[in-house]
Structure formats: C-alpha cells, structure tokens
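Here the structure comes first, spelled out in structure tokens, and everything after it is commentary.
Lettering follows sequence order; numbering is per chain, from 1.
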Amino acid sequence: MPEMPEVETVRRGLNSYVKGHEITHVEIRYNDLITGDVNQFIEFVTGATITDVGRRAKFLLIHLDNGYTIISHLRMEGKYRISADPNAIDKHSHAIFTLDNGQKMIYNDVRKFGRMQLWNTDDLKNNKSIQKLGPEPLSKEFTFETLKPRIMRHHKDIKIVLLDQSVMSGLGNIYVDEVLWKAKLHPETTANHLSDKDIQNIIELSNQEMEKAIASGGSTIRSYIDASGHKGNMQNSLKVYGKEGTPCPRCGTEIVKIKVGGRGTHFCPHCQVIK
DNA sequence: CTCGCTGTTATCCA
DNA sequence: GTGGATAACAGCGA
C-alpha cells in the first residue's frame with residue numbers, strides 16, 4: 001500500500017490507539033514476516049510498552065520501552081488494523097499484538113511482502129535499510145544543495161532515480177508520476193540532463209505533494225486503508241496516476257501509460273517532453 | 001484458463 | 001557502477 005503519506009497516516013492512527021499501551025501477547029502466523037529470529041522477536045516484544053510510533057521514509061518505527069524498536073515496512077499491501085473484534089482477523093493476518101486494553105493491533109498483508117525487524121532503538125541509524133535512505137520530503141535535509149548532487153550523479157531515467165530510496169526517500173510509484181507531471185518532466189529524461197530549476201521544482205513539488213497527500217489521509221487506489229479501516233482521499237486529487245486515456249488537466253492531451261524500469265508510468269506526452 | 005498487472009525492495013548476474 | 005531480470009506472494013480483471 002504505502003508511500004510516505006500513507007505510512008504517515010498509519011503512524012498517526014497507530015499512535016492514537018497504541019501509544020502507552022503494553023503488548024501482552026504476540027502471535028506470529030507467518031514466520032517469514034520477521035527478519036531475524038522469530039522466537040527472540042516474540043520474547044522481546046511481549047511485555048513491552050509502546051512508547052511512540054515514528055517513521056523514517058516508508059518505514060514505521062514502533063518504539064518500545066525496553067530499548068528496542070520494531071522496524072516495520074508495509075511494502076505493497078501491508079496494513080495495520082486496531083480492533084477487539086475477532087472477526088477482524090483473517091487468513092491474511094500475519095501478526096497479532098494483543099494490548100493491555102483488550103484491543104488487538106493486527107498486521108494484515110495479502111501479498112506477504114511486508115517485513116518486521118527488531119532493532120536497538122539507539123542504533124537505528126546503523127540498520128542496513130534505514131542507513132541507506134536519502135533525505136525525505138518535508139525534512140530539513142531535503143534541500144537543493146543536498147539533492148542536486150545526489151540526483152545529477154545518475155545517468156538513469158529521472159523516474160528511476162526518484163524511486164531510488166537511497167537518492168531521496170519517501171516517494172513511490174504514484175507520487176513520482178504526479179511530481180514529474182507537475183514539474184513538466186518526462187519520466188525518461190536522463191537525470192543529469194536536468195537544470196537547476198528542474199531540481200528545485202522536484203524538491204518544492206515533492207514537498208507540496210507529500211503535504212497535500214498527508215492532509216488527505218493518503219491515496220486509496222486498490223487496498224490501502226488506515227489503522228481505523230478508513231480510506232484516504234488523495235486518489236481524488238491525482239492528475240496522471242491511473243489516468244491513462246483521459247485528458248491532461250493542463251493541456252487536454254491524452255495521458256499515456258508506458259513502462260519505465262518495469263513500473264507502470266503515466267505522463268502527458270505534450271507537457272512532458274524528453275530533454 | 002492464462003496472462004498481465006499491482007502504492008516495494010533486495011539480490012543476482014552480465 | 002548500471003541495467004535488467006527475478007524473487008518474495010495473492011488476487012483481480014481482461
């Protein structure tokens with residue numbers, strides 16, 4: 001499900017339900033969900049209290065009071081639901097955390113791509129996945145000075161570069177298409193052909209897009225829901241993602257869909273020309 | 001039925 | 001380094 005706005009929405013939802021609560025019981029129904037030793041995961045999480053739910057790019061960080069953090073990545077379709085209703089658990093519920101108030105924090109993932117890992121809270125910076133992340137939108141490191149060299153050093157299509165979480169993090173397939181449309185950049189433009197103005201646009205528009213998407217509760221295209229089971233609204237504001245065959249909101253030319261780096265890519269062939 | 005597609009990322013190989 | 005393919009998995013629609 002998630003790009004940064006969706007993960008942020010989940011983070012906020014989880015915080016409102018689980019912060020300050022003890023995890024009294026853990027059930028892992030799909031062992032591959034856990035990176036590392038499953039029994040150790042269960043042992044360390046059981047009895048711990050959730051002090052805060054944070055986020056770095058698309059990673060959820062469930063901080064515990066015992067010095068450990070559950071690093072949770074939802075990948076394509078991972079979801080958290082808070083419920084005391086046994087019917088909320090189904091065959092796609094792979095982890096069930098029972099809380100001291102009787103509620104259950106249920107991790108669902110139809111495709112089983114998501115992963116959880118326990119890590120020392122003080123050492124998160126050295127976790128391999130977290131370590132390699134580039135600056136994310138809306139953070140103070142997300143500046144022209146930082147991003148320009150990171151982007152320009154690549155000779156690949158700009159779409160590929162923006163999806164590369166080690167260059168900058170947080171954007172995924174939907175929002176990269178949206179940002180490139182707004183910046184009037186063809187997704188197959190080679191990254192080092194961009195002008196300073198283009199880089200500046202990418203930064204500003206990424207910030208705008210993330211801010212707006214978070215305010216809208218994320219995009220529900222196929223399956224995304226937040227911790228309360230609610231859909232987002234941002235899908236109603238998308239300009240090109242999933243809009244192939246419809247007129248470009250700017251010039252009326254039909255939006256087309258191609259493959260770039262194996263990912264479905266939507267753009268306006270009139271507004272977005274290869275440099 | 002089969003094929004292709006899906007908000008992700010890690011890994012392997014030329 | 002880079003590019004591409006492949007893998008993890010399940011469901012949906014054509």
Mind checking the P distance from B:dG4 to C:dA5? Whole angstroms is fine. 14 Å
What is the distance from CD of A:E77 to P of C:dA10, rounded to the nearest Å? 12 Å
Which heavy atom of A:G114 sits nearest a heavy atom of A:Y107, and at what distance? CA-OH, 3.3 Å
Whether A:K259 contacts B:dT6 is assessed here as follows: a side-chain N or O lying under 4.0 Å from the phosphate OP1 or OP2. Is that the case? yes
A:S195 backbone acceptor or donor facing A:D198 side chain under 3.5 Å: yes
Please determine whether a side-chain nitrogen or oxygen atom of A:K257 lies at a distance below 4.0 Å from atom OP1 or OP2 of B:dT6. yes
Side chain of A:Y241 only, heavy atoms from C-beta on: which candidate in B:dT6, B:dT11, C:dA8 is closest? B:dT6
State whether the side chain of A:N120 and the backbone N or O of A:D123 hold a donor-acceptor pair below 3.5 Å, judged by distance alone. no
Gap in Å between the two P atoms, one belonging to B:dC3 and one to C:dT6, rounded: 15 Å
Under 6.0 Å between the ring centres of A:H186 and A:F267? yes
Could you tell me whether A:T220 contacts a base, only the sugar-phosphate backbone, or nothing, with contacts defined as non-hydrogen atoms closer than 4.0 Å? base
Does A:K58 place a side-chain N or O at less than 4.0 Å from the phosphate oxygens OP1/OP2 of B:dT8? yes
How would you label the contact of A:G218 with the nucleic acid (heavy atoms, under 4.0 Å): base, sugar-phosphate, or nothing? nothing
Grab the CD1-P distance between A:I158 and C:dG3 for me, whole Å please. 13 Å
A:K132 has a side chain; which of B:dG7, B:dA10, B:dT11 sits nearest to it? B:dA10
Taking syn as any angle within 90 degrees of 0 and anti as the rest, which one fits C:dG4? anti
State whether the side chain of A:D100 and the backbone N or O of A:E22 hold a donor-acceptor pair below 3.5 Å, judged by distance alone. yes
The side chain of A:H92 is closest to which nucleotide in this list: C:dC9, C:dA10, C:dG3? C:dA10
If you assign each of A:R111 and A:Q165 to its closest nucleotide in DNA chain B, which residue comes earlier from the 5' end? A:R111
Please report, rounded to the nearest Å, how far the P atom of B:dA10 is from the CZ atom of A:F113. 13 Å
To the nearest Å, give me how far apart CD1 (A:I174) and C1' (B:dC5) are. 14 Å
Of the options B:dG7, B:dA10, C:dT2, whose atoms approach the side-chain atoms of A:E3 most closely? B:dG7
Tell me what A:Y175 touches on the nucleic acid: a base, only sugar-phosphate, or nothing, going by heavy atoms under 4.0 Å. nothing
Is any side-chain N or O of A:K112 closer than 4.0 Å to OP1 or OP2 of B:dT8? no
Calculate the interatomic distance between A:L133 atom CG and B:dT9 atom C1'; express it in whole Å. 11 Å
Distance below 4.0 Å between A:H73 side-chain N/O and B:dA10 OP1 or OP2: no
Checking contacts here: which listed nucleotide (B:dT9, C:dG11, B:dG7) is nearest the side-chain heavy atoms of A:V110? C:dG11
May I ask you to decide if A:Y68's main-chain N or O and A:T121's side chain share a donor-acceptor pair within less than 3.5 Å? yes
Runs of at least three consecutive Watson-Crick or G-U pairs, both distances under 3.5 Å, are what I'm after; which ones involve DNA chain C? B:2-6 with C:10-14, B:8-14 with C:2-8
Answer yes or no: is there an ion pair linking A:E145 with A:R150, defined by an N-O contact shorter than 4.0 Å? no
Between A:D52 and A:K19, does any side-chain N to carboxylate O distance fall below 4.0 Å? yes
Rounded distance (Å) that lies between atom C1' of C:dC9 and atom NE2 of A:H94: 9 Å
